[in-house]
Amino acid sequence: MVIATAREEVEKLAGRIERIEKSHDLIAEYNTWKAKDWSRVDSLNSEEKLLKDRKADSERLIAQQKKEKEASEKRHNDEIKRLEQDSNRAHDNASELDKAATRLYETILPEFLTDEMPEGSLHVDIAIDQSSVLVKQINGNRDASSRVSTRSPKF
């Protein structure tokens, strides 16, 4: 019985030795990994922190640039709105001048001009014609500026 127990113990130990010998390659692979890769953990952690910091800096820069872009768009849109209002006012003023010139030419002028007036007094008619030409030029400039403002890029 003592011999049988000893033989069982020897067989158990032999099996254990065999398992240890089979795991020798696995242990060697683990030791190689530990020496080679695990030793880089600190440098990889440092690199990860650096990359996270760079990402955070980039996100802050993007947020700042978005704010600046929005402020620039607002300034441009406000300027476009102001220019459109100025253009509308100029158009209204030109229309009023055109109406006044037409009214002056058609209504008021015939009352003051007669066949008996000296030829030098016709300078009023010339002034009215020149005013009409000027009003038409103003309208043309206004139309050209409105075409330019409708083509300007929207930000």
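If you're wondering where the values come from, they're calculated on a predicted model, not measured in any experiment. Quick note: numbers below take in every heavy atom, side chains included, and nothing from hydrogens, waters or symmetry partners.
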Salt bridge (Lys or Arg N to Asp or Glu O under 4.0 Å) partners of Asp78, counting only residues at least two apart: Lys74

Connected hydrophobic set around Leu44, excluding itself, where side chains approach under 4.5 Å: none

Nearest-0.5 Å distance that lies between atom NE2 in His24 and atom CG in Leu26: 11.0 Å

Polar side-chain atom of Ser39 near backbone of Ala35 as donor-acceptor pair, under 3.5 Å: yes

Donor-acceptor under 3.5 Å (Thr5 side chain, Met1 main chain): yes

Salt-bridge contact Lys12-Glu8 (side-chain N to carboxylate O under 4.0 Å): no

ILVMFWY cluster, Trp33 and Val41 together (side-chain gap under 4.5 Å): yes

Asp92 bridged to Arg89 by N-O distance under 4.0 Å: no

Under 3.5 Å donor-acceptor, Asn77 side chain and Glu73 backbone: yes

Neighbour count above 12 (heavy atom, 6.0 Å) for Glu68 CD: yes

More than 12 heavy atoms of other groups within 6.0 Å of Ile3 CD1: no

Arg82 with Glu79: basic N within carboxylate O range, under 4.0 Å: yes

From CG (Asp25) to OG1 (Thr32), nearest 0.5 Å: 10.5 Å

Nearest non-hydrogen partners of Ser23 and Ile20, listed with the distance: OG-O, 3.0 Å

NZ/NE/NH1/NH2 to OD/OE distance under 4.0 Å, Glu18 and Lys22: yes

